[in-house]
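Written below as structure tokens is the structure these notes are about.
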Number of protein chains: 2
Amino acid sequence: MVAATVPQQVAVVVGLGLIGGSLAAAMRAAGCAQHVRGYDLASSAREQALACGVVDAVAPTLEAALTGAAIVVVAVPTLAVECVFEAIRDHAPPGVLITDVASVKGSVLDAAQRVFGSLPPGLVPGHPIAGSERSGVGAARADLFRGHRVILTPHAQSSAAAVARMREIWELAGATVVCMDAGEHDRVLALTSHLPHVLAFTLVNVLSKQDASEEIFRFAAGGFRDFTRIASSDPVMWRDIALANRAALLGAIDLYAEGLAGLRAVVESADAAALHGAFLSAREARSRYLGTLSAPPSRPGEGE
Amino acid sequence: MVAATVPQQVAVVVGLGLIGGSLAAAMRAAGCAQHVRGYDLASSAREQALACGVVDAVAPTLEAALTGAAIVVVAVPTLAVECVFEAIRDHAPPGVLITDVASVKGSVLDAAQRVFGSLPPGLVPGHPIAGSERSGVGAARADLFRGHRVILTPHAQSSAAAVARMREIWELAGATVVCMDAGEHDRVLALTSHLPHVLAFTLVNVLSKQDASEEIFRFAAGGFRDFTRIASSDPVMWRDIALANRAALLGAIDLYAEGLAGLRAVVESADAAALHGAFLSAREARSRYLGTLSAPPSRPGEGE
């Protein structure tokens, strides 16, 4: 264990992918730390991060990376967070500020509890709501978070200073910060992100298992492409998310299956008014909540 | 009944929405007819079509519109096609070329059979695979179909000349024409278009019925917006499609529900390898069939 001789000066990013690389670049650009050091299991990612200039330096081992750290950003797949916490416990200075960017927050708190014995006051889990089917440090950009929301899920023992510092870093990266309970975060994200991904993965798999699937995909229009774009997301990341947020995701799938069965019954009964009502309420809800322009009033002549 | 004194010269578009208006504009631009005449139930659409220049003239009644027509394009909502067929039977010249742009083709043939007693040789149903959540003649453009596919579903009695003429018109509009059996069309479109719309409508409705739905939508990221964009489509059009393609849509919903139940079981059993396999196969299938660039190999650090 090495004492932090220059507190708040060395920021360490563990996991140099799209999000870790972009946050490292944003911290460098905003001067959040005198020195931004990166580490990734893959030497190719370390080399690329250095070549792209998203970090000041890379460390050859996780232990070396953590030495003297004032802040550690854990930007590895959700289920790898616990291993990095173990290294932080063993090699980072006491009192280090710890955050992460995982898509599930309950599992991060559980991992911290197991590794540290109690939740460290310096731990402030976070989740930037900025994603892409693109991945890898080559796609990293300092402005990735500009205009996006970041959810922080401090726990009851998180120090006010740690929360304030994390808020400041994200705001310097251009993000809007919101604090939320970890359980609430996981329920909301199960519905708005994890469920849609599961639905898109399922649709592509169902279609590709049909006879003549090649013909089927040939006639897929633009709406289908939009709808299934998220099915091109990283399978490892989504495997981890599904496992880490299993309970909330199962609940979301069940809610959805119930909704789909309800609409199926309306289609089966050929109830024109109920069908129109269901489609209209969806359009209105999307327009109301997402603030998109609603389409002009119903007109004859459209087709997809 | 008025005889066609100038065959192939007057093209009539009934239903001046996005698709009807765009096809009228494309026929004008390509010189498919000496005169392109439009009709819509709504006088506002007639006025707008004339003002936009997508037609040469508009008729004040459907009967007047059909007088002397060489070609009639029926571009009204799916379930309104039958009424227009009745007017064609009563007011258009015998032997007129008839096509439509409805998203369901079996119901169009059924309607023709009922109205005409047998399927007219001049009838060549069609379906341009070009859609948009935008609608109305104000969004019409002559190049809407450029680079898109159009499916023609001629029946056993369609004349070769009628099929060739419809192919020519669509090709002049810039589309790629494919011929397909109407039943096959309806099964394929149920999977690639009607099912995804139903899934998106259902997702938005399920989420908007949750407590704190406002908060839920606030944290919806870009993937959610893409995924639900088609839920902003016209409710009347989709009500008609769901009713007209009811049997194939129910089959598609059942296939999907089965696929979702299968993935749910994998999540519940926390089977990491099976989850990874399901997500990977979806990404690979989408990439293979839709020809999108696959994302780079899995890297730590992503998040949505």
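Letters A, B, ... mirror the listed sequences (proteins, then strands); counts begin at 1.
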Rounded to the nearest 0.5 Å, the CZ atom of B/F217 sits from the CG atom of A/L191 at a distance of 9.5 Å

Of the listed B/P196, B/G259, B/G277, the one with the largest count of heavy-atom pairs under 4.5 Å with chain A is B/P196

Are A/R149 and B/R218 side-chain neighbours, meaning at least one heavy-atom pair lies under 4.5 Å? yes

Rounded to the nearest 0.5 angstrom, the CG-CG distance for B/N205 and A/L280 is 9.5 Å

Bottom line for A/E258: the part with an atom under 4.5 Å from chain B's heavy atoms is neither

Whatever's closer than 4.5 Å to a heavy atom in chain A on B/L203 counts as both

Honestly, the part of B/V73 sitting under 4.5 Å from a heavy atom of chain A is neither

Practice item. Please confirm whether the backbone N or O of B/S269 pairs with a side-chain atom of A/R246, one donor and one acceptor, at under 3.5 Å? Key: no

Under a 4.5 Å cut-off applied to non-hydrogen side-chain atoms, are A/L199 and B/L199 in contact?
no

If one checks every heavy atom of A/L207 against chain B at 4.5 Å, the contacting part turns out to be side chain

From the list B/A285, B/A270, B/G262, B/A273, the residue making the most non-hydrogen contacts under 4.5 Å with chain A is B/A270

Value for CZ (A/R286) from OG (B/S233), rounded to nearest 0.5 Å, stands at 9.0 Å

CD1 (B/I253) and CD (A/E268) are apart, to the nearest 0.5 Å, by 9.5 Å

Given A/A212, A/A140, A/A231, the one with more heavy-atom pairs under 4.5 angstrom with chain B than any other is A/A231

So, the part of B/L79 with a heavy atom under 4.5 Å from chain A: the answer is neither

Honestly, the part of B/L23 sitting under 4.5 Å from a heavy atom of chain A is neither

Would a 4.5 Å heavy-atom cut-off, applied to side chains only, mark B/Y289 and A/S213 as touching? yes

Value for CZ (B/F227) from OG1 (A/T192), rounded to nearest 0.5 Å, stands at 12.0 Å

Quick check: do A/D234 and B/F279 have side-chain heavy atoms less than 4.5 Å from each other?
no

Residue pair A/V198 / B/L260, side-chain heavy-atom distance below 4.5 Å = yes

Whatever's closer than 4.5 Å to a heavy atom in chain A on B/E284 counts as neither

Under 4.5 Å to a heavy atom of chain A? For B/Q210 that would be side chain

Okay, B/R264 and chain A: the region with an atom under 4.5 Å from a heavy atom over there is both

Heavy-atom nearest pair, A/R239 first then B/A272, reads CD-O, 3.3 Å

If one checks every heavy atom of B/L249 against chain A at 4.5 Å, the contacting part turns out to be side chain

Honestly, the part of A/V14 sitting under 4.5 Å from a heavy atom of chain B is neither

Self-check item: Main-chain N/O of B/D226 paired with A/D226 side-chain donor or acceptor, under 3.5 Å
Solution: no

Counting heavy-atom pairs under 4.5 Å with chain A, the top scorer among B/V13, B/D100, B/T228, B/L255 is B/T228

Of the listed A/I151, A/V178, A/D240, A/V204, the one with the largest count of heavy-atom pairs under 4.5 Å with chain B is A/V204

Of A/L275, A/T78, A/V74, A/D271, the largest count of non-hydrogen pairs under 4.5 angstrom with chain B goes to A/L275

Counting heavy-atom pairs under 4.5 Å with chain B, the top scorer among A/V266, A/T202, A/I216, A/L195 is A/T202

If one checks every heavy atom of B/L263 against chain A at 4.5 Å, the contacting part turns out to be side chain

Rounded to the nearest 0.5 angstrom, the CZ-CD distance for B/R187 and A/E215 is 9.5 Å

